[in-house]
Number of protein chains: 2
Amino acid sequence: MYIYANVCYSFMKKSRTTLKDLAKELNLSASTISRALGNHPGISETTTKLVQQKAEELGFIPNSIASSFRKKKTRSIGIIVPRIDIYFHSLVISGIEDFAYKEGYNVTIFQSKDLLKREQEITKILQNKMVEGVIVCLSIETDKYDHFKKFKRLGIPLVFYDRVPTGLDVNSIVINDFESAFTATEHLITKGCKRIAHIAGNQSTAIFKSRFEGYKAALKKYKLNFDANLVGQTHNLSYEEGIIQASRFLKQTDLPDGIFCANDYTAVSALQVFMKAGVKIPDETAIVGFSNYPISRVIEPHITTINDRAYEMGAEAAKLSIRLIEDEEESIKSETISLKTELIVRESSLKNC
Amino acid sequence: MYIYANVCYSFMKKSRTTLKDLAKELNLSASTISRALGNHPGISETTTKLVQQKAEELGFIPNSIASSFRKKKTRSIGIIVPRIDIYFHSLVISGIEDFAYKEGYNVTIFQSKDLLKREQEITKILQNKMVEGVIVCLSIETDKYDHFKKFKRLGIPLVFYDRVPTGLDVNSIVINDFESAFTATEHLITKGCKRIAHIAGNQSTAIFKSRFEGYKAALKKYKLNFDANLVGQTHNLSYEEGIIQASRFLKQTDLPDGIFCANDYTAVSALQVFMKAGVKIPDETAIVGFSNYPISRVIEPHITTINDRAYEMGAEAAKLSIRLIEDEEESIKSETISLKTELIVRESSLKNC
DNA sequence: CTGAAAGCGCTTACAG
DNA sequence: CTGAAAGCGCTTACAG
């Protein structure tokens, strides 16, 4: 009789050691091995040690797919982001990964590329038991949410961040864009600005609409006139669009003495356009951005901006997601966590100082 | 006799439809269902259609964990990066995800946080069958590679990018840092620079050493003196370190008329320090960076730099990884793919134009 | 073209 | 404290 088990031809992948191999080796049952490796209290310390030593010796690595399959738990979270290479999202993902890692979860990542169709495809992929929870920032195109409904039926908790569905009862992590924009604008006002312009993001996206509203609310509170000529609408707050809008402001007979921009890229545009025209920043025109992008603390003068807590947003999303995964009773009501932002004051708004 | 199967209490997660449920429903065997869903040629078209329709109707979603387990294929790739929120890595990851997605693979991501210990932990996690291939950029601390050896034995192909093990025979995707640095320096020389400084990265990291060597080689070729005073060593090429080194250059009696910086952050520092001191960029001092960070095309004057092909690097890493996964015969020899970089000429080096 | 049966490598309820 | 047995939901070699 020939023994074929564990024969290893040099041209073959070595077959892995399994629980059974260990059991045979130690004359114990697979049950005992499994329990010993999991530090189950009902196994004697001697046996546990013995098993763990042998496991180490044979280089045993548990097959986590088998385990996931058996336990119906993958300890895996799926993320859908528009793009990974947008700094904001890379920070969020970093926060998610960090928190998940600490909790023993891993993170599988997908990019919707801001395409509804790809987002829909991805949700299909994620419904096949691969992940226990899903964290999403909606694509810019997304205007219907049917593709997310199935997760609820499957008991896979969904957490949205930043761009979240409107009018739907969902778990979400957001910042208060209205309040943040209000604070930013108010800051310009307290620095003495009376004619404040705004470079606005896409008004069909809730967060940019809120920023615009916050700007208007601050003007109102301080009884400053709202001038539609001082609002520059953009599609996606790109640097190039910022240049266009800032140049438009520059043509006004009465220049703005403050500009609140809905992101830092357009704040950079405004800064450069105005400086090139010989306008003194901040003394003649003060500028505030939004998001605390790295560039805001590098460009000169450094730009006052809003820290939008991207990393924390990710960590909170992971935290909530894992809580929902591990909560025995499915919680009925949805949660919205709103993170406090922070105004970071830098040179671009430091008048009279 | 009571039938309990598929009873769904409102407070329970609905149990999923399985292959067996479908089989029962259609009076077919599980084998046939499985094959029909997989469009196996040996199943009649009528049956295939019937099964697929019913699957759709009952909202059947195959359990991919069961399938992975059975087939011993997860169609999953693991990535270990120092940090996700570094623009370069976010671009690489984006390239990996894009290519993997097209090929039906998904991507699980881990951050080493530039800690050897965490990198080692992660490799342990990744050895448990979760992924079929692993793509790595080493942590800055990594000076031994034992924790990667096991992958080879397990038949899990490893692909390194950017920061790759030295002196080891591994699959890797890199750019030619020497050549790129040579080209960048040569560009300054052809623009008339005779006294060229260099802000260098950590010389214990191979890529930064190569950039330094490339710089020296270009000087040599054009018979320019190498002046150690014109080399600013940094630990991690931070903006702040760039400020320090550029300020040091500024104190030289004979100012450099060109600066080649090993990344774009320090190029920004040099630009700002020199401009603030009243030095005209590029006419008095021309500046070239490295990496084509977004800031390089926003700061004024825009910075000449090297496109380091981060996205393509990711795509190539994924491509190689998947090829190695799917190749039946384990290939013996390792591959190193070197991507062509590109000099992007912008205002910061456009003398005499 | 279809089905019965075995089995992937674990975990766990049950029994002792 | 330990073991025998069943089973998670698929896939596939074998048989017809």
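In what follows, every chain begins at residue 1, and chains take the letters A, B, ... in the order their sequences are listed. Since the structure is predicted, the reported quantities are computational estimates derived from the model, not experimental observations.
- A salt bridge links A/R323 with A/E335: at least one charged nitrogen is closer than 4.0 Å to a carboxylate oxygen.
- Atom P of nucleotide D/dT12 and atom CG of B/L19 are separated by 12 Å, given to the nearest angstrom.
- B/F99 has its ring centre no less than 6.0 Å from the ring centre of B/Y105.
- When the nucleotides D/dT2, C/dT12, C/dC10 are ranked by their closest atom to the side chain of A/K71, C/dT12 comes out on top.
- Taken residue by residue, residues 32-45 of chain B places heavy atoms nearer than 4.0 Å to DNA chain C at B/T32, B/R35, B/P41, B/G42, B/I43, B/S44.
- A straight line from CG of B/L26 to C1' of C/dG3 spans 15 Å, rounded to a whole angstrom.
- Atom CG of A/D21 is separated from atom C1' of C/dC10 by 13 Å (rounded to the nearest Å).
- Between B/S31 and D/dT12 there is no side-chain polar atom (N or O) within less than 4.0 angstrom of OP1 or OP2.
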Subject >> A/K319 vs A/E326, salt bridge (Lys or Arg N to Asp or Glu O under 4.0 Å): CA-CA, chis, key distance, verdict >> reply: CA-CA 11 Å; A/K319 190 174 177 185; A/E326 297 185 351; over 6 Å; no
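- Listed nucleotides: D/dA4, C/dC10, C/dG3. Nearest to the side chain of A/T18: C/dC10.
- Here the P atom of nucleotide D/dG9 and the NZ atom of B/K73 are 23 Å apart, to the nearest Å.
- Following rounding to the nearest Å, A/K72 (NZ) and D/dG7 (P) show an atom-to-atom distance of 13 Å.
- By the 4.0 Å N-to-carboxylate-O rule, B/D146 lies close enough to B/K149 to be salt-bridged with it.
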**OP:** Starting at the 5' end of DNA chain C, write a dot or bracket for each base, bracketing those in Watson-Crick or G-U wobble pairs whose two distances are under 3.5 Å and using | for partners on another strand.
**Re:** |||.||||||||.|||
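- Taking atom CZ of A/R16 as the reference point, atom C1' of C/dC8 lies 13 Å away to the nearest angstrom.
- Within 6.0 Å of atom NZ in A/K54, more than 12 heavy atoms from other residues, nucleotides or ligands are found, so the atom counts as buried in its surroundings.
- Between B/R163 and B/D114 there is a salt bridge, since at least one side-chain N of the basic residue sits less than 4.0 Å from a carboxylate O of the acidic one.
- For residues 58-69 of chain A, proximity to DNA chain C is found at A/F60, A/N63, A/A66, A/S67, A/F69, defined as any non-hydrogen atom under 4.0 angstrom from a strand atom.
- Heavy atoms only, all atoms of each residue included: A/G78 and A/L126 are closest at CA-CD2, 4.3 Å.
- Partner B/Y101 forms a side-chain contact (heavy atoms from CB on, under 4.5 Å) with one of A/Q111, A/E121, A/K113 and no other, that one being A/E121.
- No donor-acceptor distance shorter than 3.5 angstrom exists from the side chain of B/S64 to the backbone of B/S67, with no hydrogens or angles considered.
- Under 4.0 Å is where a charged nitrogen must lie from a carboxylate oxygen, and between A/E119 and A/K144 no such pair does.
- Computed from coordinates, the A/L154 CG to D/dG9 P distance equals 14 Å when rounded to whole Å.
- Of the possible polar contacts, none joining the B/E316 side chain to the B/I173 backbone as a donor-acceptor pair under 3.5 Å is found.
- The only member of A/T123, A/V134, A/I80 that meets side-chain contact (heavy atoms from CB on, under 4.5 Å) when paired with A/L158 is A/V134.
- A gap of 16 Å separates the C1' atoms of C/dT12 and C/dG16, to the nearest Å.
- With rounding to whole Å, A/K20 atom NZ is found 13 Å from D/dA5 atom P.
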